[in-house]
There are 2 protein chains.
Amino acid sequence: MKELKTKIAPRPRGRPRSERARQEILEAAYKLLRDKGFNAVGSHEIAQTAGVSSATLYRWWKSKEEILFDACFERMKPILAIPETGSGLTPLRRYVLRAAEFLVSEEGAVMARVFTGIHEDKRLRQAFLERYVEHRRQIQRRIIEDAIASCELKSTTDPELLIDVLTGPLFFRWLQGHAPLDKGFAKSILDSVIPAFRPH
Amino acid sequence: MKELKTKIAPRPRGRPRSERARQEILEAAYKLLRDKGFNAVGSHEIAQTAGVSSATLYRWWKSKEEILFDACFERMKPILAIPETGSGLTPLRRYVLRAAEFLVSEEGAVMARVFTGIHEDKRLRQAFLERYVEHRRQIQRRIIEDAIASCELKSTTDPELLIDVLTGPLFFRWLQGHAPLDKGFAKSILDSVIPAFRPH
DNA sequence: GTAGAAACGAAACTTTAGGTTTCGTATGTC
DNA sequence: GACATACGAAACCTAAAGTTTCGTTTCTAC
C-alpha cells in the first residue's frame, strides 16, 4: 500500500531529464543515420548536431549503437502504428503490399542499416525481435487466423510458415538487393503463394 | 605481339608475393571471425595470429573488411563447389535442403556476419553479389529451367520469382532469427510452394 | 656474381573515434 | 534554502585502423 504513490507519481527527485534533449538527440541521430549510414555516424557528431554534450548521450544510452537503434524506432513509431481493417484475404494482401512499400522507402533503407548494424549485438538483436518483429508478426498472425476462420485459407495452414513465405522474399531482396523490390514483385508473390494455401 | 610473353610468364620483377603469408592471413582472419565476430576482430590481431607484419596486410588489402571478406570466401570455396546432378524436381528440392543445411552450419553463421558486416560498403556488396549470389542463382536457374523443360513445373514459371520464394524464407530466418531454421522448415517451404508451380 | 626491383618483418607512429571524468551551473522537490 | 540530479563545456583516456621507416630477404636481368 505504501507503494501506491509510485504508480501515480513516481517522480524522482532532482532535476528531471530534459525531454527536449532526448528528442533532439534521437532526431539528430536519425538524420545522420539517413545521410551517412550506420558506421559513419560519430557520437560527438550526434551530440553537436543535437546541441547537446557528449556526456548527456552516455548518461542515457550505453553505446552509439543503442542511440541509433532508438532513433530508428522513435521515427518508425507512427509509421508502424497503421491499423489493419477488413476481413478475408484483403487485409493479408494489403499488408504484404504495404510491407514492400515500407521496405523500399527511405525509412525502410534506414532500418536496413540499423538491422545489419546491430546484428552482432545480442541485446539489441533481441530488442529488435521484441520491439519490431514480434509485433509485426502478431498482426499478420491475426489476419491469417481470421482468414482461416472464414475459410478463405485452408484449415491446415501454418500461420508461421505462411508469414515467412510471404515476407521472406521481400526481406531477401530488401537486404541482398539482387533484384528490385517493388509492388509488382509483391503482387507476384501473393499471386503464386496464396493459391497454395486456399481450400479447393 | 611484343606482349605475348606476358600471357605465358608475366612474372614481375623483384621478390614475389608470399603465398604462404596470404594463406596464413586469410586463415587467421577466418578463425578470428568465427570466434569473435566481424567487428571484434582487430587488424593487428590478424597480423599477429598469422605471424605477419601489419604492413603486409595493407600491402594487399585496402581495409580490414576486405580481408575478412576474402577470408570468408577462401573458406567457402570448396563448400560452394558441390556439383548438381539429377533431373526434374529432385535437384531443386535437394538444393533448398542443402542451402538450409549450409546456412545453419558454422560456415553459414560466419557468412551471416560477413554479409551484415559489409552491408554499408558499396564495393564489397557488389563483390558479394558477383562472387556468391549470382553464382548460386545461376545454378538454381538452370535447375528450374530444366524442370520447366521436362514439364515438372508450369511453363509460365518465373525462375527469379521461384528462387526468391523458395530461398527468401530461409534467408529470412537465417538473418532475423525469429524462428529456428532447420530441415523441417525447408521441407515445409518446398511442400507448400512447389505445388503452386506445378502443372495441373 | 652483382645490380636492381619489390616483398618482407619489426616497430614506432599518426589519426580518429568511442566513451569518461571533472566541474561549475541549472532545474526540479521537500 | 537544502538537497538531489541533469545539464554543458572541455579536457581527457584508450583502443584500433592504417601508415611510415628501415634494414633484410628473395627474386630477375645481365
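These numbers come from a predicted model, not from an experiment. Numbered from 1 within each chain, the chains take letters A, B, ... in sequence-line order.
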**Message:** Quick one, A:Arg20 with A:Glu24, criterion salt bridge (charged side-chain N to carboxylate O under 4.0 Å, His left out). Give me CA distance, side-chain angles, the key distance, then yes/no.
**Reply:** CA-CA 6 Å; A:Arg20 169 119 188 280; A:Glu24 297 276 15; 3.3 Å; yes
Enumerate the protein-to-nucleotides 9-12 of chain D contacts in which both atoms are nitrogen or oxygen and the separation is below 3.5 Å.
unit_1 : atom_1 : unit_2  : atom_2 : d
D:dA9  : N7     : A:Ser53 : OG     : 3.2

**Request:** Using a cut-off of strictly less than 4.0 Å, decide whether B:Ser43 has a side-chain nitrogen or oxygen near OP1 or OP2 of D:dA17.
**Result:** yes
**Item:** N/O (side chain, A:Tyr58) to phosphate O (OP1/OP2, C:dG19) under 4.0 Å
**Value:**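 True: A:Tyr58 side-chain N/O within range (under 4.0 Å) of C:dG19 OP1/OP2.
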Whether [Y] and [X] form a salt bridge (side-chain N of Lys/Arg under 4.0 Å from carboxylate O of Asp/Glu) is what I want to check.
X: B:Arg141; Y: B:Glu160; answer: yes
X: B:Arg98; Y: B:Glu101; answer: no
X: B:Arg173; Y: B:Asp182; answer: no
X: B:Asp70; Y: B:Arg131; answer: yes
X: B:Arg142; Y: B:Glu145; answer: no

**Request:** For DNA chain C, determine which residues of residues 114-123 of chain A have any heavy atom closer than 4.0 angstrom to one of its atoms, and list them numerically.
**Result:** none
**Request:** Can you sort out which residues in residues 13-41 of chain A have a heavy atom within less than 4.0 Å of DNA chain C? Ascending by number, please.
**Result:**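 The stretch gives A:Gly14, A:Arg15, A:Pro16, A:Val41 as the residues lying under 4.0 Å from the strand, ordered by number.
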Length of the [atom1]-[atom2] vector between [X] and [N], whole Å:
X: B:Glu65; N: D:dG18; atom1: CD; atom2: P; result: 6 Å
X: A:Leu57; N: C:dA17; atom1: CG; atom2: P; result: 15 Å
X: B:Gln48; N: C:dG9; atom1: CD; atom2: C1'; result: 13 Å
X: B:Ile46; N: D:dA15; atom1: CD1; atom2: P; result: 19 Å

**Asked** Could you state the interatomic distance from CD1 (A:Ile67) to CH2 (A:Trp60), rounded to the nearest 0.5 Å?
**Response**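 Reported to 0.5 Å precision, the distance equals 13.0 Å.
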**Message:** Please give me the minimum heavy-atom distance between A:Ala127 and A:Phe69, naming the atom from each residue.
**Reply:**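 Result for this residue pair: CB-CZ, 3.7 Å.
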**Prompt:** Would you say A:Gln48 has more than 12 foreign heavy atoms packed within less than 6.0 Å of its CD?
**Reply:** no
**Prompt:** Looking at the side chain of A:Trp60, which of D:dA6, C:dG9, C:dG18 is the nearest nucleotide?
**Reply:** D:dA6
**Message:** Between B:Arg22 and B:Glu19, is the salt bridge (charged side-chain N to carboxylate O under 4.0 Å, His left out) condition met? List the steps.
**Reply:** CA-CA 5 Å; B:Arg22 189 188 139 271; B:Glu19 173 61 20; 2.6 Å; yes
**Prompt:** Under the criterion side chain to side chain contact (heavy atoms under 4.5 Å, CB included), which of A:Leu26, A:Ile46, A:Asn39 is the partner of A:Leu68?
**Reply:** A:Ile46
**Request:** For A:Trp61, report the nucleic acid contact type (base, sugar-phosphate, nothing); a contact means any heavy atom under 4.0 Å.
**Result:** nothing
